[in-house]
Amino acid sequence: MEYRFNEIEQKWQAKWKENKVYKVSNDSAKPKYYVLDMFPYPSGAGLHVGHPLGYIASDIYSRYKRLKGFNVLHPMGYDSFGLPAEQYALETGQHPAVTTERNIATFRSQLDKIGFSYDWDREVRTSDPDFYKWTQWIFLQIFDSWFNRATNKAERIASLLEIFETEGNLHHDCPGDKSIQFSAGEWKAFNEKEQQDILMDYRLTFSSYGEVNWCEALGTVLANDEVVNGVSERGGHPVEKKKMRQWYLRITEYADRLLEGLERIDFSDAMKEMQKNWIGKSQGAEMDFIIKDQQEHLKVYTTRPDTIFGVDFMVLAPEHELVNKITSAGQKKEIETYLTYVKSRSERERLAEVKQITGCFTGAYAINPFDDREIPIWIAEYVLAGYGTGAIMAVPCGDQRDFAFAKHFNIPITNIIGDYYNGEEANPTKEAILQNSGFLNGVSMKGAISIAIAKIEGLGIGNRKVNFRMRDAGFSRQRYWGEPFPIIWSDGIAIPLDADELPLELPHVDKYGPGPNGEGPLANIEDWVNINLTPNPSPKERETRLQGEAELASDHLLENKKDEPGYYNSSLPEWQNTLAFAKENRKELTEAEGVIWQKLRDRQLDGCKFRRQHPIAGYIPDFVCLEKKLIIEIDGEYHNSEEQKSFDEARANWLAENGFEMIRFTNEEVKNNIKDVLIKVSQKLNEVEKTDRSKNEKSNQPSGSGSSLLWRGVGGEVKRETSTMPGYAGSSWYFLRYMDPHNDQTFCDRKASDYWGQVDIYIGGTEHAVGHLLYSRLWTKILFDLGYVSHDEPFKKLVNQGMIQGSSRFVYRLAWSVTGEDFDQSLLPQLFISKSIADKIISEDEEAIKETGGIAKELLIKAFPGREDLSIFRISVIETHVDVSFVNGVELDINHFKNWRNGEYADAQFVFENDGKYICGVETEKMSKSKYNTVNPDVLVQKFGADTFRMYEMFLGPVEQSKPWDTKGIEGVHRFLRKLWRLFYDDLKGKVWNEDKATDAELKVLHRTIKKIDEDTERFSFNTAVSTFMICVNDLADMKCHKKEILEPLLFLLSPYAPHISAELGSLINAKSSPIGEDAERSVYPTFNPALLVESAKEYPVSINGKVRTNINIALDITQADVEQIVLKNEVVQKWLEGKAPKKIIYVKNKMVNVVI
RNA sequence: GCCCAUGUGGCGGAAUUGGUAGACGCAGCAGACUCAAAAUCUGCCGUUCGCAAGGGCGUGAAGGUUCGAUUCCUUUCGUGGGCACCA
């Protein structure tokens, strides 16, 4: 019986799927464990062998934890909004939804082949309305929040309003604009627009005009982390600064907490370092300088107030507001010229020419408050407007840039650090003792910092100040394929949609080009953008209405109470009860309801949005389409009673009066003839369309009716926000959705997030260091502050998988030039030269060139008989990528190559090595389609099986390290699995395993393996775990051990790594019911028994002066003196001693013995 | 320029706390089985001197600490990654 991996793997994968073996419950007595992969963007290219590396690691760990008795959440989903799908749509006209769907199907089929233990019932997709409904909802929560610096957390806008009404913003500086200050009285006097504008400056998501990174080629703005060296990260298009209205996340308010949180999480140093760098916290002081003969003050930020006496000039950013005010008449012209020059320079030029020194003197002087020196004020590009105060005090002896500037413009340099400064370059030391420094003379620089700050604060001319490099994160994109903002603009006021109006679905478009004025494609859909409503009530009325909402709702109920048999509620608490009831109800679908819901959801029927169990004025219909005011009722049997019928009737009457139409079906109709049912519903929907609904639009609907815009009193010209959210919106919280993926009442039930808590292990690449990982930390902190989750760091431990690099192969094509009348060079025969000869030609080896030239000449004669005039005058070689799939090691498969690219090389000729082989060149590069070095996992799984593939990926090296892919080695792992198989079944003899009692030696092998696998799996050292399995199987094979007592526990150990073969063999040796790979509940995962490994003696390495010379077997329970005796008696030791006495003998129990001579 | 990671056979890598450097696998070489191939099995496999026994050298380089260093410290070089007029 041989190891038929393909059969076995298909069988078990089907079985796992059918029995839902990996379904996870939120309700378990077992301890929880959350293992998460960074979900993929489903690109069109499919998976290559680099992608599953992290997935395999996390799968092994999940399976291991499951066997160890944990309730493991191990989900997968897709980050399915994003630029590439939209770019593809622009090029091909295919809707992103379609291509995304297709790509997901490819990914899924590839993933399935590898045998992962994901709970696919929890799959999420960020582009699914059921998902982005909650992305929008969370956005609204953040919109409704501000950061209270006093409590250091996010709070609701309502609390801010309360504060404003009692004390203005006296104690709460406006983070958006520090200059805004007002009292309670002033606040109350502001009009609606003014108030809203101020609130916007506090909100944690806010809209404002600002400089953004505009990428013309992509037609969108980019976040700072999406711009690399002045070009877009995706596509490398130029990026320019542009003023536009944008949405932002006020991440700067969280800078300190994001920094502090790093201390509490297990990320690699490199990762933490990158985040720290990005946040860029620096401590220093801000101080004011008086400007000579002027009213103005100059505020600078410095981290080195100790160098105040070394200030030789000041520099302002060219954009600084003081520039115009202080420039002297004499310098005006020059400054203007300089400003024109600065404006002409693109961001890219500025970055590219960092070393170029430019600047201009303003003619103004600042006064050093400590020694009254007059300090010239310059402007220069190298000072950035956006950081600190946009102005610096320059200390040329201590700062290299200041030094270069001073040298360039001949500004005299003051030395305050004595010998530390050599006049040749600046020295940014903090070690020096200060000189020429007034009251700081003789003080060390480190100490002087706080002394200087104290003095500055004492004089009231400045204060201690912390600065951050991080900017608020741009949160809008002028793009189509993303979450629409649930925001409506009315007279410049951003009005959030109500929660029950979510999701605001992405409308269908046919064209993906940008809209007018740099807006996104959505701006082109006028029907969607413009919302025309009847004239609106005043803002004050609006407020009153909002408050009266609930009362109004219950008024309706009261009014109608007499007409119905006690079904409706009458008071506010009861109304709330109804809501709670609806929430409960929504979870349980009857069979018939389930059938029809599958056909109604997601606007499948005539594009109409249906809601299920959506409360309307105290009554909960089964399904309702709010836009069409159509209710669908599916009646269970109990509705057949007389009493029930009259009751239903009363309800129907009430609804009819309020403009609702109802259509009802029986369970049987739905179950047996869903088609007719849907036709009837569709007819109704279209009827409703035609009827006059004006009477219904008088807007006295209760809350939650879906048209609450009327309630908020907006009207006139009202437009939707047309930009969409960036790629990182959905990924900032998706890990929470997995915990409770089907909840349509909330983004994630608090019970679920309390149970699952933090992600215990998060596995993914390093490329998300300052993007996704920072934003998800931010969102989690905000949700924590608002009380929606119980932890403020999402990921407890992060493991970064390394990149798998491609191993490229090259062929060398002869590049030759032929002289001859009207000769078309492109007709020359193709000649490919094997590696070693090509190398010689490249290094201009004359012999090789001559020889190859001869071969080329022959070819030429053959190809063009009769053309005697042709002669070769130059040859060289061109290196070209060739597809790795038809290179065996380094040897090219010639036939395969000739068929490549539709036979482009069908007629190619070759110059071989001496042994008749064509050898290719090799280089390690990034894996990419264009380099023909990608390896598709499907092919390997087909050829060697998923188990081999999984173990080989792990065997390649540490998960966290980058390493080149080499398919060749996979055979070793495959051999190992076959060897394992042969411990159970021989190809010829069949069954060889037996039930004999294991010997001590065999048990020792097993338990040594148990111990090592436990340790290695826990510390993510999967490569050494695989080699441990190999050692174990080698040992057992050597011992000819085929005993079930040993082999069965081994299968348990192996099952996380190679689940299919373990399951198969497990079920074969335990025919009735093997739990291996099938049932973690009944798992009897082996435990390590240290007693079995206890030895009485050990072969000690004995070294002389630290060099091992021999081994001696010594009992473990022996004294130092006895050891010395034994060692000294040893022949080898005596030989080295040459009769002398040793100086010292070092004996470390269980380690070694060292004799020092 | 600054920060982080990293450097071990022909190759991927192992050595978990300072204690036998090179586990395990690939590639290679020699052999067994076979008509042959595949599969499988056995042996060799850092380098150098030596017939051998045995010895010298050896973890990028140089120095140091230590009885003992791939591991700790200092200096330096290479590679990969991040940040970069951030005052």
Side-chain angles (χ1 to χ4, degrees), chain A residues 2 229 268-278 280-282 284 300-304 307 315 350-351 353-357 380-384 386-395 398-402 404-405 428 467-470 766-767 769-770 802-803 805 807 889-890 922 952 955-958 960-973 975-976 978-979 982 987 1012 1015-1016 1018-1019 1021 1023-1031 1034 1037 1099-1111 1132 1135 1142-1146 1148 1150-1157:
Chain A
E2 52 182 328
N229 294 329
S268 70
D269 287 345
M271 219 50 165
K272 288 186 181 179
E273 200 59 34
M274 276 187 238
Q275 294 211 349
K276 276 184 199 161
N277 242 318
W278 187 259
K281 182 175 183 168
S282 74
V300 302
Y301 173 71
T302 179
T303 54
R304 296 297 300 273
T307 60
V315 189
R350 255 181 99 159
L351 283 172
E353 298 160 20
V354 155
K355 292 282 176 283
Q356 194 179 318
I357 299 164
E381 277 187 291
Y382 83 91
V383 172
L384 305 175
Y387 185 77
T389 62
I392 63 155
M393 53 181 234
V395 183
D399 183 288
Q400 194 51 50
R401 287 157 306 164
D402 296 347
F405 194 86
N467 252 323
F468 294 96
R469 187 179 323 194
M470 182 166 65
T766 51
E767 66 273 21
V770 289
M803 244 209 315
Q805 290 135 339
S807 183
V890 289
V922 178
Y952 182 57
F955 189 55
L956 233 40
E960 285 168 281
Q961 221 168 77
S962 289
K963 57 241 157 187
W965 178 263
D966 172 22
T967 301
K968 204 90 189 131
I970 196 168
E971 284 171 27
V973 175
R975 274 198 273 269
F976 151 73
R978 283 220 302 264
K979 194 166 184 177
R982 283 199 306 275
D987 288 1
K1012 187 87 166 80
E1015 289 166 359
D1016 286 354
E1018 281 295 355
R1019 67 187 173 105
S1021 180
N1023 55 331
T1024 54
V1026 174
S1027 68
T1028 302
F1029 282 122
M1030 289 174 169
I1031 293 167
N1034 287 346
E1099 278 281 306
Y1100 278 86
V1102 177
S1103 19
I1104 315 289
N1105 286 341
K1107 277 216 181 306
V1108 178
R1109 296 298 175 185
T1110 186
N1111 287 312
V1132 180
K1135 191 189 113 194
K1143 274 193 196 139
K1144 191 158 47 158
I1145 293 176
I1146 290 151
V1148 183
N1150 219 359
K1151 294 277 189 204
M1152 43 58 72
V1153 180
N1154 189 15
V1155 181
V1156 186
I1157 303 174

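In what follows, chains are A, B, ... by sequence order, proteins preceding strands, each numbered from 1.
Glycosidic conformation of B:G9 is syn; the angle stays within 90° of 0.
A:Leu956 comes within 4.0 angstrom of the backbone, heavy atoms only, and of no base.
The separation of B:G64 from B:A69, taken at their C1' atoms, amounts to 11 Å, rounded to a whole angstrom. Straight-line distance between the P atoms of B:U47 and B:G22: roughly 14 Å, to the nearest whole Å. Of the P atoms belonging to B:A23 and B:C11, the separation is 15 Å, rounded to the nearest Å. Comparing the C1' positions of B:U59 and B:A21 gives a spacing of 7 Å, expressed to the nearest Å. Separation of the P atoms belonging to B:G56 and B:U70 is 16 Å when rounded to the nearest angstrom. Here the separation of B:C49 from B:U40, taken at their C1' atoms, is 38 Å to the nearest Å. Taking atom P on both nucleotides, B:G63 is separated from B:U71 by 14 Å, rounded to a whole Å. The gap from the P atom of B:U48 to that of B:G58 amounts to 15 Å, rounded to the nearest Å.
Following rounding to the nearest Å, A:Gln275 (CD) and B:C83 (P) show an atom-to-atom distance of 12 Å. B:G18 atom C1' lies 10 Å from atom NZ of A:Lys1151, rounded to whole Å. Atoms CD (A:Gln400) and P (B:C86) sit 12 Å apart, rounded to a whole Å. As rounded to whole Å, 9 Å separates atom C1' of B:U40 from atom CZ of A:Arg978. Rounded to whole Å, atom P of B:C85 lies 7 Å from atom CG of A:Leu384. Note: CG (A:Asn1111) to P (B:U20) measures 11 Å, nearest angstrom.
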Walk me through it: do A:Asn1034 and A:Lys979 pass the test side-chain contact (heavy atoms from CB on, under 4.5 Å)? CA-CA 8 Å; A:Asn1034 287 346; A:Lys979 194 166 184 177; 3.0 Å; yes

With side-chain contact (heavy atoms from CB on, under 4.5 Å) as the test, would you mind laying out the steps for A:Asp402 and A:Ile392 before giving the verdict? CA-CA 10 Å; A:Asp402 296 347; A:Ile392 63 155; 3.8 Å; yes

Apply side-chain contact (heavy atoms from CB on, under 4.5 Å) to A:Trp278 and A:Arg469, showing your working. CA-CA 7 Å; A:Trp278 187 259; A:Arg469 187 179 323 194; over 6 Å; no

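Base pairing of B:G28: its partner is B:C44, meeting the Watson-Crick or G-U wobble criterion (both donor-acceptor distances under 3.5 Å). For B:C83, the paired nucleotide is B:G1, the pair qualifying as Watson-Crick or G-U wobble because both relevant distances are below 3.5 Å. Look at B:G7: its Watson-Crick or wobble partner, with both distances under 3.5 angstrom, is B:C77. Under the Watson-Crick and G-U wobble criteria, each requiring two contacts below 3.5 Å, nucleotide B:U70 is left unpaired.
A donor-acceptor pair under 3.5 Å is absent between the side-chain atoms of A:Asp399 and the main chain of A:Ala394, judged by distance alone. Although no hydrogens or angles enter the test, the distance criterion places no donor-acceptor pair under 3.5 Å between the side chain of A:Tyr301 and the main chain of A:Ala391. Between the side chain of A:Ser1021 and the backbone N or O of A:Asp1016 there is no donor-acceptor pair closer than 3.5 Å. With A:Lys963 contributing its side chain and A:Pro958 its backbone, the two residues share a donor-acceptor pair below 3.5 Å.
Here the side chain of A:Ile1146 is nearest to one of B:C86, B:C67, B:A5, namely B:C67. Comparing atom distances between the A:Glu273 side chain and each of B:C67, B:G19, B:C4 picks out B:C4 as nearest. Candidate nucleotides B:G19, B:C85, B:G55 were compared by shortest atom distance to the side chain of A:Asn1154, and B:G19 ranks first. Between B:G19, B:A87, B:G54, one nucleotide has an atom nearer to the side chain of A:Val1148 than all others, and that is B:G19. The nucleotide whose nearest atom lies closest to any side-chain atom of A:Lys963 is, among B:U16, B:G13, B:C83, B:G13.
At least one side-chain nitrogen or oxygen of A:Ser282 sits closer than 4.0 Å to the OP1 or OP2 atom of B:A87. OP1 and OP2 of B:A39 both lie 4.0 Å or more from every side-chain N or O belonging to A:Arg982. Note on A:Gln961: a side-chain N or O is less than 4.0 Å away from OP1 or OP2 of B:G13.
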Short N/O separations, protein against nucleotides 24-29 of chain B, under 3.5 angstrom:
residue : atom : partner   : partner atom : Å
B:G25   : OP1  : A:Asn1034 : ND2          : 3.1
B:C26   : OP1  : A:Arg975  : NE           : 3.1
B:C26   : OP1  : A:Arg975  : NH2          : 2.7

Using a cutoff of under 3.5 Å, can you pull out all pairs of nitrogen or oxygen atoms linking the protein to nucleotides 79-82 of chain B, with atom names and distances?
none

Within the sub-3.5 Å range, which N or O atoms of nucleotides 56-61 of chain B have a protein N or O partner, and how far apart are they?
residue : atom : partner   : partner atom : Å
B:G56   : OP1  : A:Arg1109 : NH2          : 3.3
B:G56   : OP2  : A:Arg1109 : NH1          : 3.2

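To the nearest 0.5 Å, atom CD1 of residue A:Ile1104 and atom NZ of residue A:Lys1135 are 10.0 Å apart.
Looking at which nucleotide of RNA chain B each of A:Pro1101 and A:Asp1016 is closest to, the 5′-most match is held by A:Asp1016.
Residues satisfying the ring pair (Phe, Tyr, Trp, His ring centres under 6.0 Å) criterion with A:Phe955, sequence neighbours excluded, are absent altogether. Contacts of A:Phe405 classified as ring pair (Phe, Tyr, Trp, His ring centres under 6.0 Å), with partners at least two apart in sequence or in another chain: A:Phe313, A:Trp378, A:Tyr382, A:Phe409.
Considering every non-hydrogen atom in both A:Ser1103 and A:Gly1106, the closest pair reads CB-C, 3.6 Å.
Sorted by first then second residue, the side chain to side chain donor-acceptor pair (under 3.5 Å) pairs that include residues 964-973 of chain A, not counting sequence neighbours, are A:Asn888-A:Lys968, A:Trp965-A:Thr967.
Residue side chain A:Lys1012 reaches the base of B:U16 through a donor-acceptor N/O pair under 3.5 Å, judged by distance alone.
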